[in-house]
Amino acid sequence: MSKAGEETRTRILNACWTLLEQGPDTPARMSDIARAAGVSRQAVYLHFPNRTELLIATTRFIDEASDIDERLAKSRATTGGPARLDAYIEAWGNYIPVIHGVGSALMAMAATDEAARAAWADRMAAMRHGCDAAIQAIARDRRLRPGLAPVRATDLVWTLLSVRNWEHLVIDCGWAQEDYVSEIKRLARAAVVA
């Protein structure tokens, strides 16, 4: 892709990110995104054949711009199962405030918007993969709670780390971010570690 093409693509992704941050009531159709990016609708379609691909690319662009690989480096490098679980919870739990605006918009739109549903599902599948990697490390250490299947353990941790749970505790109940991370680590260990 040419430098000009890459710059246009980045402008489109930034415009989509900005519109999503404004909440689910802000229109984020291809034409709205084109207008916000200062490009034609045709330019948007040239880079993203459909809205689903654009929304998925935007969520991945946010991850890249927020250096998700650096955020996950400690978790990925930790070999002990329980320590890897703690590191993953710290990484994801402290990333939720970064993606909360976009995540909330996509979740709110998902009931009636297939593209939003697909974009959020793509990100949640990636998050679940991180939960599964931590659970697999715990299972390799033979530290998984007896009688708990790895898939079920992944389900539990994935649910504990949901953005909605973060909203309830941090926004609705007024918990400090560090208290949220600390308590989720404690709950996750109690739920899955022998």
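Throughout, residue positions are numbered sequentially from 1 according to the sequence presented. Since this is a predicted model, take the numbers as computed values, not measurements.
By the rule that hydrophobic residues join a cluster once side-chain heavy atoms approach within less than 4.5 Å of another member, Leu160 and Ile171 end up as members of one cluster. Using a 4.5 Å cut-off between side-chain heavy atoms of Ile, Leu, Val, Met, Phe, Trp and Tyr, with links allowed through other members, Val44 and Leu46 fall into different hydrophobic clusters.
Distance check, rounded to the nearest 0.5 Å: CG of Asn165 to CD1 of Ile184 gives 6.5 Å. Note: Thr78 OG1 to Leu85 CG = 11.0 Å, rounded to the nearest 0.5 Å. Distance check, rounded to the nearest 0.5 Å: CE of Met107 to CG of Asp113 gives 14.0 Å. With values rounded to the nearest 0.5 angstrom, Ile33 atom CD1 is found 14.0 Å from Arg11 atom CZ. Rounded to the nearest 0.5 Å, atoms CD1 (Ile96) and OG (Ser104) are 10.5 Å apart. Arg140 CZ to Ile135 CD1: the interatomic distance, rounded to the nearest 0.5 Å, is 11.0 Å.
Across every non-hydrogen atom of Leu169 and Cys173, the tightest pair is O-CB, 3.3 Å. Across Pro146 and Ala194, no two heavy atoms sit closer than the pair CD-CB, 3.9 Å. Across every non-hydrogen atom of Leu148 and Ala191, the tightest pair is CD2-O, 3.6 Å. In this structure, Glu21 and Val98 approach most closely via the heavy-atom pair OE2-O, 4.2 Å. Of all the heavy atoms in Cys131 and Thr154, the pair that sits closest is CB-CG2, 4.1 Å. Across Ala116 and Met109, no two heavy atoms sit closer than the pair CB-CB, 3.7 Å.
When Leu54, Leu13, Ile56, Ile12 are each tested for a side-chain contact (heavy atoms from CB on, under 4.5 Å) with Phe61, only one passes: Leu13.
With Trp158 contributing its side chain and Met124 its backbone, the two residues share a donor-acceptor pair below 3.5 Å. Looking at Asp132, its side chain never comes within 3.5 Å of a backbone N or O of Val151 through a donor-acceptor pair. With hydrogens and angles ignored, the 3.5 Å screen pairs a side-chain donor or acceptor of Trp92 with a backbone N or O of Leu161. In this structure, the side chain of Asn14 engages the main chain of Thr10 through a donor-acceptor pair within 3.5 Å. Checked by atom type and distance alone, the side chain of Tyr88 never pairs as donor or acceptor with a backbone atom of Leu72 at under 3.5 Å. Using modelled atom types, one side-chain atom of Asn50 and one backbone atom of Thr52 make a donor-acceptor pair closer than 3.5 Å. Looking only at distances, no side-chain donor or acceptor of Arg143 sits under 3.5 Å from a matching main-chain atom of Gly81. A donor-acceptor contact shorter than 3.5 Å is absent between the side chain of Arg41 and the backbone of Ser31. In this structure, Asp122 contributes its side chain and Ala119 its backbone to no donor-acceptor pair below 3.5 Å. Of the possible donor and acceptor atoms, one in the side chain of Gln177 sits under 3.5 Å from a partner among the backbone N and O of Gly93.
A donor atom on one side chain and an acceptor atom on the other are found under 3.5 Å apart for Asp63 and Tyr95. Ser2 and Glu7 form no side-chain donor-acceptor contact under 3.5 Å, judged by distance and modelled atom types alone. Between the side chains of Glu167 and His100, a donor-acceptor pair is found at a separation under 3.5 Å. Side-chain contact of Asn94 with Glu90: a donor-acceptor pair under 3.5 Å is absent, judged by distance alone. The closest side-chain donor-acceptor pair between Asp179 and Ser182, if any, does not fall under 3.5 angstrom.
Counting only heavy atoms from C-beta outward, the side chains of Thr59 and Arg123 approach each other to under 4.5 Å. Counting heavy atoms from C-beta outward, Arg9 and Phe48 have side chains that approach closer than 4.5 Å. Ile99 is listed as a side-chain neighbour of Val163, based on a closest heavy-atom distance under 4.5 Å. Looking at heavy atoms from C-beta onward, Arg84 lies out of side-chain contact with Lys74 at the 4.5 angstrom threshold. The closest side-chain heavy-atom distance from Trp175 to Glu183 is below 4.5 Å. Side-chain contact check for Arg128 versus Val157: every heavy-atom pair is 4.5 Å or farther apart. Residues Glu64 and Asp69 have side chains not in contact (no heavy-atom distance under 4.5 Å, counting atoms from C-beta outward). Inter-residue side-chain proximity for Val193 and Leu144 is flagged as unmet; no heavy-atom pair is nearer than 4.5 Å.
With respect to Lys3 and Glu6, no salt bridge is recorded, no charged nitrogen being found less than 4.0 Å from a carboxylate O.
Taking the six-membered ring where the residue is Trp, Tyr180 and Trp166 present perpendicular rings, their angle passing 60° and hence far from 30°.
Within 6.0 Å of CZ in Arg152 there are 12 or fewer heavy atoms belonging to other residues, nucleotides or ligands.
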Worked check of salt bridge (Lys or Arg N to Asp or Glu O under 4.0 Å) between Glu114 and Arg117: CA-CA 5 Å; Glu114 179 60 37; Arg117 187 167 40 257; 2.6 Å; yes
